[in-house]
Asks: 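My questions all concern the structure below.
Residue numbers begin at 1 in each chain, while the letters A, B, ... track the order of the sequences.
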Amino acid sequence: GAGVSQTPSNKVTEKGKYVELRCDPISGHTALYWYRQSLGQGPEFLIYFQGTGAADDSGLPNDRFFAVRPEGSVSTLKIQRTERGDSAVYLCASSLIGTSGQETQYFGPGTRLLVL
Amino acid sequence: AQSVTQLDSQVPVFEEAPVELRCNYSSSVSVYLFWYVQYPNQGLQLLLKYLSGSTLVKSINGFEAEFNKSQTSFHLRKPSVHISDTAEYFCAVKSRVGGKLQFGAGTQVVVTP
């Protein structure tokens, strides 16, 4: 079946602009995660959805970052007033929901964001 | 709070030689442990995971990792590497009650003939 998809694959924008990054999870996966990977570092957690609600948004760096998942499937990560330091690869992952906490997270290919 | 330390940023290795990638973690709660691999120009893929039971876990392509609770380590090993094992490897931990993964900085493995 189809994996996690992310669009666009690359995004170049200017400092101060607004961007939206989209994630389509694996069909049937009710948990969705956003991570950010800066050059030379491991992925860093941003936010986690269970269904439509954000279960944990403790990783969002500031109020310029916001994410939604209105119908419990597709999610959009929104960044306002972009800064050069926002340049990174933004990764999305999804998993089955469960009570054990053992579910595997499946990652998409990422969106490479460059802020000039 | 949790943290993951991958002690080597890059590991060069010859084809058919063994390799070990070190991972240490710290956590105040019980965790699950994972190794993810990122091949060139591809997304992160799960390589193997430790959830419970036997402390030695194995992947289908010959990698294995051993959970050592007393040393808070989860080192990854392969007795004989192939050129196709060239990739970046990430160790990660996850609280047993939380959803997010905490990743290390990654280890770049470069296999040469």
Asks: Kindly give the heavy-atom pair with the smallest separation between B:G99 and A:Q105, and that separation in Å.
Replies: O-NE2, 2.7 Å
Asks: Quick check on B:L101 against chain A: is it the side chain, the backbone, both or neither that has a heavy atom closer than 4.5 Å?
Replies: both
Asks: Decide whether B:Y39 and B:L76 are clustered together by the hydrophobic rule: side chain heavy atoms of Ile, Leu, Val, Met, Phe, Trp, Tyr closer than 4.5 Å, transitively.
Replies: yes
Asks: Where do B:F90 and A:Q41 come nearest, in terms of heavy atoms and distance?
Replies: CE2-O, 4.0 Å
Asks: Consider only side-chain heavy atoms of I, L, V, M, F, W and Y, link residues closer than 4.5 Å, and tell whether B:V110 and B:L21 are in one cluster.
Replies: no
Asks: For A:L116, look at atom CG and say whether over 12 heavy atoms of other residues, nucleotides or ligands are found less than 6.0 Å away.
Replies: yes
Asks: Would you give the length of the straight line joining atom NZ of B:K100 to atom CD1 of A:I47, rounded to the nearest 0.5 angstrom?
Replies: 11.5 Å
Asks: So how far is it from A:Y106 OH to B:L46 CG, rounded to the nearest 0.5 Å?
Replies: 7.0 Å
Asks: Apply side chain to side chain contact (heavy atoms under 4.5 Å, CB included) to residues A:Y35 and B:L44 and explain how you reach the verdict.
Replies: CA-CA 12 Å; A:Y35 295 84; B:L44 281 165; over 6 Å; no
Asks: Establish whether B:V111 and B:W35 are linked, either directly or via other cluster members, by ILVMFWY side-chain heavy-atom contacts under 4.5 Å.
Replies: yes
Asks: Can you tell which part of A:S58 gets under 4.5 Å to a heavy atom of chain B, answering side chain, backbone, both or neither?
Replies: side chain
Asks: Looking at A:T104 and B:Y36, what are the two nearest heavy atoms and their distance?
Replies: CG2-OH, 4.3 Å
Asks: If hydrophobic clusters are built from ILVMFWY residues whose side chains come within less than 4.5 Å, do B:V11 and B:F103 share one?
Replies: no
Asks: Which bit of A:Q37 is near chain B, if near means a heavy-atom gap under 4.5 Å: side chain, backbone, both or neither?
Replies: side chain
Asks: Looking at B:F14, I'd like to know if its CZ atom is crowded, meaning that more than 12 non-hydrogen atoms belonging to other residues, nucleotides or ligands lie closer than 6.0 Å.
Replies: no
Asks: Is chain A contacted by the side chain of B:Q6, its backbone, both, or neither, given a heavy-atom distance below 4.5 Å?
Replies: neither
Asks: So which of B:Q108, B:E88, B:K49, B:Q42 has the largest heavy-atom pair count under 4.5 angstrom toward chain A?
Replies: B:K49
Asks: Taking a hydrophobic cluster as the set of Ile, Leu, Val, Met, Phe, Trp and Tyr residues connected by side-chain heavy atoms closer than 4.5 Å, whether directly or through intermediates, do B:Y32 and B:F67 fall within one such cluster?
Replies: no
Asks: Give a yes or no on this: more than 12 heavy atoms of other residues, nucleotides or ligands lie within 6.0 Å of atom CG of B:L56.
Replies: yes
Asks: Less than 4.5 Å to any heavy atom of chain B: does that hold for the side chain of A:L91, its backbone, both, or neither?
Replies: side chain
